[in-house]
Amino acid sequence: MARRRYWLMKSEPDVFGWDDLLACPDRTECWDGVRNYQARNLLRDEIRVGDGVLFYHSRTKEPSVVGTARVVRNGYPDPTQFDPKEKYYDPKSDPENPRWFAVDVQAERPMKTTLSLKEMRAMPELEGMCLLRKGMRLSVQPVEPEQWKVIAGPGKLGPKL
DNA sequence: GCCAACGTTGGC
DNA sequence: GCCAACGTTGGC
């Protein structure tokens with residue numbers, strides 16, 4: 001069994017945020033709509049059931065990590081790419097060889113107190129973190145175990161949902 | 001295969 | 001809402 005790995009996923013609370021995830025059946029939702037090849041590769045090849053996810057709110061007043069989630073389904077073809085009614089419809093994607101992938105995530109625990117981007121920038125332990133690097137706009141990105149521990153380690157999280 | 005134009009992301 | 005930093009597209 002491979003070691004559990006960690007990721008950070010960005011969401012825009014105006015579109016779909018933590019509260020929306022909690023409102024889903026089983027607190028589980030398909031993480032779809034990712035249209036970036038680098039992120040796609042992670043979703044398709046790297047992210048596995050059981051991995052930990054930092055749930056991050058972007059494009060909001062105080063961009064922050066708000067909770068943790070767990071991957072509950074490995075990468076599979078993103079259904080929205082084949083639906084012409086979908087915003088994320090991609091007519092160039094061949095169903096025989098899908099271009100875009102999604103995973104399912106389940107909300108696990110809220111942060112005891114949300115951790116803002118500003119606060120993270122001020123933490124020397126998080127230096128070099130993907131999220132904090134200039135120009136890093138990946139909506140799905142890796143988190144090192146040490147970084148996970150600092151952000152979501154003992155005492156940082158609220159009760160299991 | 002270069003690169004200008006265009007679109008998107010996301011902090012501020 | 002602005003705009004810098006990227007990524008993608010498409011003409012050549």
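To find a chain, count down the sequence lines: A is the first, B the second, and so on, and within it residues start at 1.
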List the atom pairs, donor and acceptor, that lie under 3.5 Å between side-chain atoms in residues 130-144 of chain A and the rest of the protein, sequence neighbours left out.
| residue | atom | partner | partner atom | Å |
| --- | --- | --- | --- | --- |
| R133(A) | NH1 | G128(A) | O | 2.8 |
| Q141(A) | OE1 | L131(A) | N | 2.8 |
| Q141(A) | NE2 | L138(A) | O | 3.0 |

Notebook entry, point to check: Hey, is CD on E86(A) packed in by over 12 heavy atoms from elsewhere, all under 6.0 Å?
Noted result: yes

Check: Would the number of heavy atoms belonging to other residues, nucleotides or ligands and lying under 6.0 Å from CD of Q38(A) be above 12?
Finding: no

Check: With a 3.5 Å cut-off and no angle check, do the side chains of R35(A) and T80(A) form a donor-acceptor pair?
Finding: yes

Item checked: First-last contacting nucleotides on DNA chain C - partner chain A, under 4.0 angstrom, heavy atom -> dA5(C) to dT8(C)

Next item on the list: For Y88(A) and for K118(A), find the nucleotide of DNA chain B with the closest heavy atom, then tell me which residue's nucleotide is more 5'.
Entry: Y88(A)

Checklist line | Geometric class of the W31(A)/F16(A) ring pair [parallel <30°, tilted 30-60°, perpendicular >60°] | finding: perpendicular

